[in-house]
Amino acid sequence: MKDINLIRQPIGLRFSSYFFLIFWCIVAAFPIFWITVISVKLPIDAFNSNPLNVIFGPVTLTQGKGLSFIDITVGLAIILFTAKLTTGWLGRRVNKYSPNGYLWFGWIIGSMAFGISFIVVFFAIMPSMLSVLNDYAGELGNNIIGFSTQHYSTVWFERDFINNFKNSLLVTTGVVTISLTFGTLAGYGLSRSGSNLAFWILIIALIFRALPHSVLVTGYLPFFINSAEILRPIFGDAAPTLYGMPWATIAVLVAINQPFTIWMLRSFFQSIPSELDEAARVDGCSHFQAFRRVIMPVMWPGVITTGLFSFLLAYNDFLVTSMLLEAQNTTMVPAIVSMFNMETTTTDQVVAVAAAVSIIAPLFFLVMFFQRQIVTGLTAGAVKG
Amino acid sequence: MNPKTFAAFVGPSIVMMVLFIALPLASVLKQSFYVTQPVYEILEVETCTPTFTGQLCVKEIKTIPTIGDNGKVITQTSFVGFVNYQNVLELPRVINAFANNSWQQFMAIDFWRALRFTLSFTFITLPLVLFFGLVIALCINNVAKSIRGPVIFISLLPMIITPVIGALAIRWLFIGDGILTSFLEWWLVRDIAMFGQAWTIELMMMFYRVWHVAPFAAIVFYAALQTVNQDTLESAVIDGASRWQKLRYVILPHLMPLIVFVTLIHLMDAYRVFEEVIGFSSQAHVISLQWLTYDFLTSDLMGNRSIGRASASSMLTMIGIMLLLIPVLRGVWIDYKDKRL
């Protein structure tokens, strides 16, 4: 690999590249870092005008809530170690132990087990061990940074956020499974057909991708609210009111996501040479068998990547879920919006911040696990499509 | 692949899209010409209040909504033509505002206010996203391989974060005496209220959007930078091209299809600006087209939703995005025809 670009790089240019990247990383991470810091402080510290007070939290500290030097070192070490494991070790384990052709399944099981064990170690085993350790460590065991998890327990247990979490889980699982099932079939069909019809379907899907979601919601809402009366002639008295039903929302989100899913999966399928299915066909497979036995086993990276983006769409959605679900059984994002709209005291504000951090924490781990898949996903749609 | 297998593979997805995208669109079009209103009846009500001298009775004629057998208000739907559109566009007020030569009056009308913000938001963020995306990509390409991974990891964070929460995170930096507001106040030695006027809020919204989308552009461009033809670059150097000329004549043309791609995606997404309005609670100062429809759809205190008006504003929003996309889609079409020939 000769990289003349790199060799002839003047010092000044390299230096400014590093400088700019450091600046960018600070800009990119700072808002997220800051709300995380605020969420573990008591309100007086959290909204202090002196940034150092916000970071170290003297008032939080005087109440006996804090982290010692040992806590911080051990915590950071565990996080770094986990990051190291996810990038290399986990992949190798999964590759080794997955049954042939079910690699994607191995990944799902592997990452779930890994995630759960991380949560157990980090939130259950580590704190209790550290509290013992801090007692023996003397000077190093004293708290130096204010840290309080009380707002998190308020959010999750008193405000019933756990209920919203379950709804989010239900909606995202539904959206990911259904849109992948429909999407892989369509993506494969479109990638293996050079007809004009296929081209037009893709263009129409692209136009659908451009539709603002509020337009579609306007179409659903009157029907969903009155569906019991409209559907009565067909279903009789069992006709459901679709408004407020999680599965109706799942269907809507799947449909909204479908154009994007098709495009992305099609470009992944196109990167698989069609000689592969021709070979399978020569060996006597039908199109569907070739798809299932030959193509799908090599397709799993594409499926996982597309699944990730479907997950993000469903998880991050505010407009559709807030319009089509009732306030009691809504998902996490609409719940937090109503939470911070009615916030009155500063404690309520910090509670809302803690809820926000709770929502983005899984996304943080998602990027850690699947960084490579996300990057290929972003570029696959672009480079080949 | 014969048509039958093709239909079997693509069918379910098409049915899904027809059922949940095309049909709702048709119904929005229909709804935009109808108005659903409660049926009112005119009643003469006599209310009497006892006074010292006897009863004082007042007869009043009231219009109250008719209650049906099931305890709900009876509604009726009637065809009204373009009335909903007129209610959204408010053309007489527009003409009036132009006659008075008053931009302020024009901006007092919700639809035009929303349109103005949506369009300026889209077209101001677009070049910024492309520029910062390109600069970040070039910088990542310039530094040692070992630190590229962590930099990409950090860059992905703003992109995948829930939009509402991303907007909230930026808002919490500025709200009240938030850290950045105090910093600005200390620096400029003056009082600053970031949420007091429209333009500062718009500035924060645009900052948020660039922060949120630039990583996407950067990663797409960075991936394409890996496939720049090294031979072309080498011969450019031999021919004495400067660094700037290499960028201008070799690298940018190579990135061109991706610049078009990012532009297309960004036009679609920025035109839908909505989460920012929610996250910054800016509805008093700044609203967007999607938010306008959302607001029409939200039920008011009486439990009524102005579906007709929401449909009209939806249709107008949709016409807007079509107009924006036509130039780009035409390019795709010409490209496709060239490939076939």
Side-chain angles (χ1 to χ4, degrees), chain A residues 4 9 14 17-18 20-21 24-25 27-29 31-32 34-35 49 51 182-183 185-186 188-190 192-193 199 201 208-212 214-222 251-252 254-255 258 262 287 312 316 318-319 323 333 337 353 356 359-360 363 367 371 374-375 378-379 382-383, chain B residues 1 5-6 9-10 12-13 16-17 20-21 24-25 27-28 31 136 139-140 142-143 151-158 160-165 168-170 172-173 177 179 182 216 219-220 223-224 234 237 258 261 268 272 274-275 278 290 293-294 297 307 310-311 314 317-318 321 325 336:
Chain A
I4 28 172
Q9 204 77 237
R14 295 202 71 179
S17 293
Y18 278 105
F20 180 79
L21 278 187
W24 159 246
C25 287
V27 171
I32 300 168
W34 197 246
I35 59 171
S49 55
F182 285 40
L185 288 172
Y188 176 71
L190 289 169
R192 294 295 183 260
S193 160
F199 172 77
I201 291 173
F208 282 165
R209 160 82 172 69
L211 289 178
S214 65
V215 175
L216 296 170
V217 173
T218 315
Y220 302 125
L221 200 61
V252 170
V254 168
Q258 198 59 201
I262 293 176
H287 255 301
L312 282 179
N316 288 343
F318 168 75
L319 203 151
M323 266 289 154
V333 179
V337 170
V353 177
I359 295 178
I360 55 177
L363 296 178
V367 183
Q371 180 176 347
I374 294 175
V375 171
L378 288 178
T379 49
V383 179
Chain B
M1 189 177 273
T5 3
F6 181 69
F9 273 111
V10 183
S13 176
M16 191 92 193
M17 285 200 283
F20 287 100
I21 301 182
L25 279 187
S27 105
V28 171
Q31 282 166 26
I136 295 169
C139 285
I140 294 180
N142 253 349
V143 300
V151 168
I152 290 177
F153 172 74
I154 293 176
S155 304
L156 283 174
L157 292 178
I160 54 113
I161 193 176
T162 311
V164 173
I165 292 178
L168 280 175
I170 306 278
W172 276 317
L173 291 181
D177 274 330
I179 173 170
S182 351
F216 162 68
I219 284 162
V220 170
E234 214 168 317
V237 173
L258 295 168
F261 167 76
M268 290 176 180
R272 295 201 269 242
F274 171 73
E275 272 93 354
I278 299 287
Q290 268 223 99
T293 311
Y294 178 83
L297 281 179
I307 303 282
S311 309
S314 293
T317 312
M318 213 169 76
I321 186 69
L325 287 185
Y336 173 73

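Looking at I262(A), the atoms closer than 4.5 Å to chain B (heavy atoms on both sides) all sit in the side chain, from C-beta outward. With a threshold of 4.5 angstrom between heavy atoms, V333(A) approaches chain B through side-chain atoms but not through N, CA, C or O. For I161(B), the parts sitting under 4.5 Å from any heavy atom of chain A are the backbone and the side chain alike. Only the side chain of L325(B) comes within contact range of chain A, with at least one heavy atom under 4.5 Å from a heavy atom of that chain. With a 4.5 angstrom heavy-atom cutoff, T293(B) touches chain A only via side-chain atoms. For a residue to count as touching a neighbouring chain, one of its non-hydrogen atoms must lie under 4.5 Å from one of that chain's; by this rule I165(B) touches chain A with the side chain only. The part of L168(B) that comes within reach of chain A is its side chain, from C-beta onward, which places non-hydrogen atoms under 4.5 angstrom from that chain. Heavy atoms of L25(B) lying under 4.5 Å from chain A belong exclusively to its side chain. For L211(A), the parts sitting under 4.5 Å from any heavy atom of chain B are the backbone and the side chain alike. Within the 4.5 angstrom heavy-atom criterion, only side-chain atoms of S27(B), from C-beta onward, approach chain A. When heavy atoms are compared at a cutoff of 4.5 Å, F274(B) approaches chain A solely by way of its side chain, counted from C-beta outward. Contact of Q290(B) with chain A is made through backbone and side chain together, with heavy-atom distances under 4.5 Å.
Counting heavy-atom pairs closer than 4.5 Å to chain A, the top-ranked of the candidates I136(B), T317(B), V164(B) is I136(B). Chosen from I219(B), T162(B), L156(B), V28(B), the residue pairing most often with chain A at heavy-atom distances under 4.5 Å is T162(B). For the set I152(B), I278(B), I170(B), I140(B), the count of heavy-atom pairs under 4.5 angstrom toward chain A peaks at I278(B).
Between N142(B) and F20(A) the shortest side-chain heavy-atom distance does not fall below 4.5 Å. At least one side-chain heavy atom of S155(B) sits less than 4.5 Å from a side-chain heavy atom of W24(A). Contact annotation: the side chain of L190(A) approaches that of F6(B) to within less than 4.5 Å [non-hydrogen atoms, C-beta and beyond].
Using a 30° and 60° split on the angle between ring planes, F20(B) and Y220(A) fall in the tilted class, from 30° to 60°.
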